[in-house]
Amino acid sequence: MRLDRPVVFGNWKMNGLRAEGLALAGTLAERAVRLTGTLGIFPPFTLIHAVAQRVKETAILVGGQDCHERASGAYTGCVSAPMLADSGAKAVILGHSERRHGLGESDALVRAKLRAARAAGLLVVLCIGETEAEYLAGARSARLAAQIDGSLPEGIGPEGLVVAYEPVWAIGTGRTPTAEEIRATHREIRAMLAKRIVGGDSVPLLYGGSVKPENAAEIMALGDVDGVLVGGASLDARSFWSIYQAGGGA
Ligand code: PEP
């Protein structure tokens, strides 16, 4: 799957009943008949099929926010990667901090999910990021290296993989690292990926954490930033589209 820059993905989290989800997808679909970049939306499981139908005449990518590591079985309440693909998803977010820290997901579990998602043909958006304590202790690089090492299966290629750098302390807080910190961290992540994966320097890198229309242009102009993963601001079509345009998308 070719991902033209800017790559702008919206994580709706646990938001959206059918009417509002379809209205949001519909507004985006009207603007996105032809896209110069890559625009993706990640609704809750319940809306994937309906949203995928709503945007099917456009290039908008629809994805899930998580998947189980097994394809099927006695796992009450869980959704597998083939199920996501079957409902119209082309991608999945894995290792989001709200799952790593809120639900205790380990790197090993994220790795198993990643393997399952790739086997189902889904593009994987792997989230990594340090906590505030790690940031303040100067342990950011070590945490990111450990997450990259632990979350990526051995022998994986760069195809079908996107990495999102999301500092935990920047998600939903209105706080972001400085532009220089984002630039330097992305450069470091690119080098880590190049070491871990053959061709890993071609993996698109997104920044995520309190991206808004006001700061999107500065962030997406930075070297080694290929786009952004947006939470809160992706729930408003006008803000989400402005962020996409701020990165040069049309
Ligand atoms: C996210 O949840 O991935 C995220 C980046 O959230 P927000 O943009 O609201 O900080």
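Whatever order the structure lists ligands and atoms in, that order sets their numbers, starting from 1. Sequential numbering from 1 along the given sequence is applied to the chain's residues.
Among L206, V8, I243, L229, the single residue meeting the side-chain contact (heavy atoms from CB on, under 4.5 Å) criterion with V211 is I243.
Interface of G209 with ligand 1, defined as ligand atoms under 4.0 Å from a residue heavy atom, comprises 5 (C), 10 (O). Those atoms of ligand 1 with a heavy atom of G172 less than 4.0 angstrom away are 7 (P), 9 (O), 10 (O). Listed by number with element, the atoms of ligand 1 under 4.0 angstrom from any heavy atom of S210 are 7 (P), 8 (O), 10 (O).
With hydrogens left out, the protein atom closest to atom 9 (O) of ligand 1 is G232 N, 2.9 Å, a heavy atom. Ranking protein heavy atoms by distance to atom 8 (O) of ligand 1, first place goes to G231 N, 2.8 Å. Closest to atom 5 (C) of ligand 1, if we only count protein heavy atoms, is E166 OE2, 3.1 Å. The shortest contact between atom 1 (C) of ligand 1 and any protein heavy atom is with H96 NE2, 3.2 Å. Looking at atom 2 (O) of ligand 1, its nearest protein heavy atom turns out to be K13 NZ, 2.5 Å.
With a 4.0 Å heavy-atom cut-off, ligand 1 is reached by the backbone of A170 but not by any atom from C-beta on. Only the side chain of N11 comes within 4.0 Å of ligand 1, counting heavy atoms alone; its backbone N, CA, C and O stay farther away.
Contact check for L39 versus F9: no side-chain heavy atoms found under the 4.5 Å cut-off.
Ring geometry, Y165 versus H186: the interplanar angle exceeds 60°, so the pair is classed perpendicular (tilted spans 30 to 60°).
Here the CD atom belonging to Q147 is positioned 9.5 Å from the CD1 atom belonging to I189, to the nearest 0.5 angstrom. Rounded to the nearest 0.5 angstrom, T176 OG1 and K212 NZ are separated by 10.0 Å.
Counted within 6.0 Å of CZ on R175, heavy atoms from surrounding residues, nucleotides or ligands total more than 12; the atom is thus considered enclosed.
Transitive grouping of hydrophobic side chains (ILVMFWY, heavy atoms separated by less than 4.5 Å) keeps L61 and V55 in distinct clusters.
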